[in-house]
Amino acid sequence: MDDSEKIKSTDDEMIQEAFDRLITTYSHSNHRQKFDIINKAFHFANKAHKGVKRRSGEPYIMHPIAVAQIVIEEMGLGSTSISAALLHDVVEDADYTIEDIEKLFGPKIAQIVDGLTKISGGIFVEAASTQAENMRKLLITMSDDIRVILIKIADRLHNMRTLGSLLPAKQYKIAGETMFLYAPLAHRLGLFAIKTELEDLSFKYEHPDEYRQISRKLEATAANREKIYTHFAAPLRPKLDEAGINYRIQERVKSIYSIWNKMQAKKVDFDAIYDLFAVRIIFEPKPNIDVKKQCWDIYSIITDMYKIHPDRIRDWVSRPKANGYQALHLTVMGPNGRWIEVQIRSEQMDEIAEKGFAAHWKYKEHGDHTFDEQTELDRWLERIQDILEAPSPSAMDFLDTIKLNLYASEIFAFTPKGEIRTLPQGATALDFAYEIHTNLGDKCIGAKVNHQLVPLSYKLSSGDQVEILTSRSQSPQQEWLNYVTTAKAKTKIELSLKRQKRGKIKEGEEMLEEWLKKAQIESGTPILEKILEFYGYRKKDDFFFAISEKLLELPENPQKIFKDKSDNFLLRYMKQAFNAVNPISGKESGEAKNPEPLPDADSIDRKKTYILEEADYQSKYIAASCCNPIPGDEVLGFIRDDGRLEIHKRSCSQALTIKTRFGDRIISCSWAGHKLLSLPGTIEIKGIDRMGILNEITKVIANDLSINIRKLLIDSNGGVFTGTMEVMVHDLDDINQLSNRIQKIKGIESVKRVIE
């Protein structure tokens with residue numbers, strides 16, 4: 001047997017082993033055993049992908065099998081979804097059509113494969129309009145059959161698990177997409193375990209050093225956590241047994257990404273994160289007893305033993321989250337003097353929490369009485385459909401509008417008749433009005449919250465009763481966009497403003513026609529172009545709108561416009577305004593005008609990591625002002641519209657936008673040694689205020705370390721001071737050395753680098 005035959009034999013064994021595992025998992029599920037359709041889909045897909053390899057070198061069919069495995073094992077879906085997962089790349093990658101799939105596997109599987117094929121090109125592409133259109137396709141197919149997006153999430157999860165075989169620049173792009181949309185979608189659909197893994201994997205590839213550090217610290221503290229958990233659970237078990245509860249207790253460790261996120265948000269070290277783990281009590285409900293009551297019975301047993309934190313009780317049993325999540329959360333003081341979060345769930349609640357939408361619907365279809373006829377998930381899908389029917393005018397805004405509510409925490413507010421409405425945290429009275437009905441939102445002039453008059457922008461809290469006040473003469477205003485947080489309200493307001501603007505544009509056009517007619521000037525394209533040039537407008541619609549809104553005044557003598565040959569002040573002013581800041585590819589006025597493209601930006605090998613040499617700063621690359629990266633930071637490069645290579649921190653919020661929308665222009669970068677060039681860095685200092693402490697700090701910086709201070713802000717209150725200091729440093733080592741030296745000064749509580 002030659003080498004090629006050996007490889008073929010090994011590949012066949014690998015494929016068969018993976019498929020056998022899939023079948024075994026399916027056979028142990030509670031689905032109706034439809035092995036024939038799954039076998040047929042596997043053999044069809046295996047033949048279609050024959051001889052094709054992934055970048056990792058394994059046969060391509062291993063990817064669809066892995067996606068199908070996730071679909072059954074981690075989502076709990078059945079034969080239709082498994083078959084569609086096996087077939088999801090056949091139409092795009094092989095010479096088959098959706099009609100072929102329908103003839104062989106029926107309309108339902110064909111419909112799901114068609115939905116997956118339509119969005120397979122990726123949601124994030126270069127052109128904004130195409131990007132928004134692909135996003136719209138995804139949501140339309142999701143509204144038609146939720147299994148489309150579930151399989152798409154499974155597909156993304158497997159791609160993230162195998163991301164190591166791709167080039168770094170590609171890794172950043174895919175990780176950025178995942179964090180931007182797929183993790184929030186998994187969260188909204190209740191796929192907690194998958195959402196957590198997607199976030200962790202994205203973080204692992206974007207911040208490998210921090211990922212390894214936190215991972216090592218979790219391993220190092222595992223024994224101590226186990227000790228705390230054992231001391232907490234040991235006395236609790238006999239009490240639960242005595243009550244006749246059939247239960248299991250688990251320890252749930254906080255994810256690496258969640259820990260890092262909390263460290264950034266609170267600006268603290270790993271050691272200051274006290275809620276590294278939670279205790280989960282999962283019970284099998286007794287028949288004929290209300291499940292909610294059984295949750296509260298367990299709550300009583302726990303609080304009889306341990307002191308409760310009164311501000312940290314969360315009742316998602318009485319009112320589930322919008323993604324179907326149900327549990328009773330409480331925080332108690334454990335025997336070791338540590339606060340411990342306890343989550344109480346039934347077995348059913350636990351399955352819904354881990355497997356999300358699929359488990360939710362399994363119980364609903366079985367007629368489980370704990371689910372309302374219309375759930376929050378149903379209502380969320382309805383809101384998505386509502387947005388699709390009236391999409392946002394701007395392609396990019398459409399993406400942001402959809403994403404707006406994916407991760408949001410919920411509040412519950414009541415209508416005057418006592419009906420409950422679920423809204424994202426931070427929602428306003430105006431959001432509530434649009435949640436009830438579009439017409440109510442459009443005519444809203446204010447509201448009464450708990451019988452007190454409040455403005456449109458008033459932020460609601462859970463439990464508020466809201467009465468909307470309206471007027472027939474009211475219509476949406478531009479500033480209303482600042483008052484709302486929900487996707488539905490934002491979309492409806494933008495649509496109404498767009499209609500209003502169309503009317504104003506028409507009115508302005510008629511005013512111009514009347515003005516030209518009075519001056520006996522025949523209207524036409526050359527005349528209009530001359531007028532637009534004179535006033536400095538690029539688009540005629542903007543010009544017509546300005547006329548109708550009286551933002552400019554047409555002169556009594558029109559000949560002034562047509563006779564003036566000079567480069568008038570207004571025209572020069574408008575040109576300067578249009579050449580101002582570009583939010584992605586431009587810089588602020590501090591940068592040189594009309595910068596020359598970097599000579600070798602286009603010639604950079606994007607498949608390799610570009611080394612940032614100190615001598616090349618400004619000539620071959622520039623540091624982004626949004627995050628001020630310094631040598632030692634984890635960074636990436638972005639080729640801007642003007643051809644310049646711009647360096648961002650990988651954690652920069654602007655970089656997240658770039659990764660998701662301009663992924664093809666990302667370059668993997670790494671710092672060379674920097675010891676001559678100085679770049680700005682900011683540190684935050686907190687401590688006990690005392691006479692002479694500022695002098696000691698500045699002495700360490702300026703004298704001992706010879707570091708230049710650019711800016712210093714100090715605020716003292718009640719004997720405690722907080723200061724921010726911008727210094728010029730060579731690299732991250734300088735920042736760390738500076739922080740360590742200041743930390744040793746008596747009275748200093750903490751020294752942290754400010755991460756933008």
Side-chain angles (χ1 to χ4, degrees), residues 166-176 203-213 582 584-588 590-592 595-659 661-683 707-708 710 726-739 753-756:
L166 299 183
L167 298 167
K170 195 77 170 171
Q171 289 174 352
Y172 303 149
K173 175 184 183 293
I174 293 172
F203 180 62
K204 177 182 176 181
Y205 286 103
E206 294 204 298
H207 304 281
D209 292 338
E210 284 99 328
Y211 182 90
R212 281 191 293 270
Q213 287 169 14
N582 180 325
I584 286 288
S585 58
K587 295 286 284 183
E588 293 167 15
E591 191 176 294
E596 290 295 320
L598 297 172
D600 61 350
D602 292 333
S603 63
I604 292 171
D605 187 347
R606 302 188 189 194
K607 294 181 180 179
K608 294 180 181 177
T609 297
Y610 182 73
I611 305 301
L612 302 169
E613 298 286 353
E614 187 168 18
D616 295 336
Y617 181 64
Q618 292 291 9
S619 65
K620 294 185 179 177
Y621 66 89
I622 53 176
S625 60
C626 53
C627 57
N628 292 320
I630 61 174
D633 286 330
E634 293 175 321
V635 292
L636 54 80
F638 167 60
I639 296 182
R640 307 188 323 184
D641 292 342
D642 61 9
R644 314 189 92 200
L645 181 61
E646 188 174 75
I647 308 304
H648 288 260
K649 290 180 191 171
R650 288 186 217 159
S651 58
C652 170
S653 58
Q654 184 81 298
L656 179 61
T657 304
I658 290 168
K659 281 179 283 190
R661 294 176 175 174
F662 304 95
D664 295 336
R665 289 152 66 180
I666 286 175
I667 293 171
S668 173
C669 293
S670 178
W671 298 102
H674 283 60
K675 286 301 173 188
L676 296 174
L677 180 71
S678 291
L679 292 166
T682 305
I683 58 171
I707 290 174
N708 182 30
R710 278 211 334 186
E726 189 175 302
V727 291
M728 298 303 291
V729 293
H730 299 119
D731 55 23
L732 197 56
D733 287 342
D734 281 0
I735 287 275
N736 294 336
Q737 187 183 4
L738 176 62
S739 300
R753 180 184 175 198
V754 176
I755 307 293
E756 289 81 358

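Looking at Asp731, its side chain does come within 3.5 Å of a backbone N or O of Asp734 through a donor-acceptor pair. Counting only distance, with no hydrogens or angles, the side chain of Trp671 and the backbone of Asp633 share a donor-acceptor pair below 3.5 Å. In this structure a side-chain-to-backbone donor-acceptor pair under 3.5 Å is present from Arg665 to Ile639. Between the Gln171 side chain and the Leu166 main chain, a donor and an acceptor come within less than 3.5 Å of each other. Tyr621 contributes a side-chain N or O that, together with a main-chain N or O of Glu613, makes up a donor-acceptor pair within less than 3.5 Å.
Taking the six-membered ring where tryptophan is involved, the planes of Tyr211 and Phe203 are tilted, since the angle between them lies from 30° to 60°.
To the nearest 0.5 Å, the span separating CD1 on Ile683 from CD1 on Ile735 amounts to 6.5 Å. Here the straight-line distance linking atom CG of Leu732 with atom OG of Ser739 works out to 9.0 Å at 0.5 Å rounding. Rounded to the nearest 0.5 Å, atoms CG (Leu636) and CD (Glu206) are 8.0 Å apart. Ile611 CD1 to Ser670 OG: the interatomic distance, rounded to the nearest 0.5 Å, is 4.5 Å.
Closest of all the heavy-atom pairs between His648 and Cys627 is CA-SG, 3.8 Å. The two atoms that bring Ile667 and Ala169 nearest to each other are CA-CB, 4.2 Å, heavy atoms only. Minimum heavy-atom separation, Asn628 to Arg753: O-NH2, 3.9 Å. Between Val635 and Pro629, the closest heavy-atom pair is CG1-CB, 3.8 Å. The two residues Pro168 and Thr609 make their nearest non-hydrogen contact at CG-OG1, 4.3 Å. Ile630 and Pro680 get closest at one heavy-atom pair: CG2-O, 3.6 Å.
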Report the C-alpha distance between Ile622 and Ile647 in whole Å, list the side-chain angles of each, state the deciding distance to 0.1 Å, and finish with yes or no for side chain to side chain contact (heavy atoms under 4.5 Å, CB included).
CA-CA 6 Å; Ile622 53 176; Ile647 308 304; over 6 Å; no

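Taking the side chain as every heavy atom from C-beta outward, Tyr205 and Ile174 never approach each other to under 4.5 Å. At least one side-chain heavy atom of Tyr172 sits under 4.5 Å from a side-chain heavy atom of Ser668.
A search for side chain to side chain contact (heavy atoms under 4.5 Å, CB included) contacts involving Pro208 returns Arg212, Glu634, Arg650, not counting sequence neighbours.
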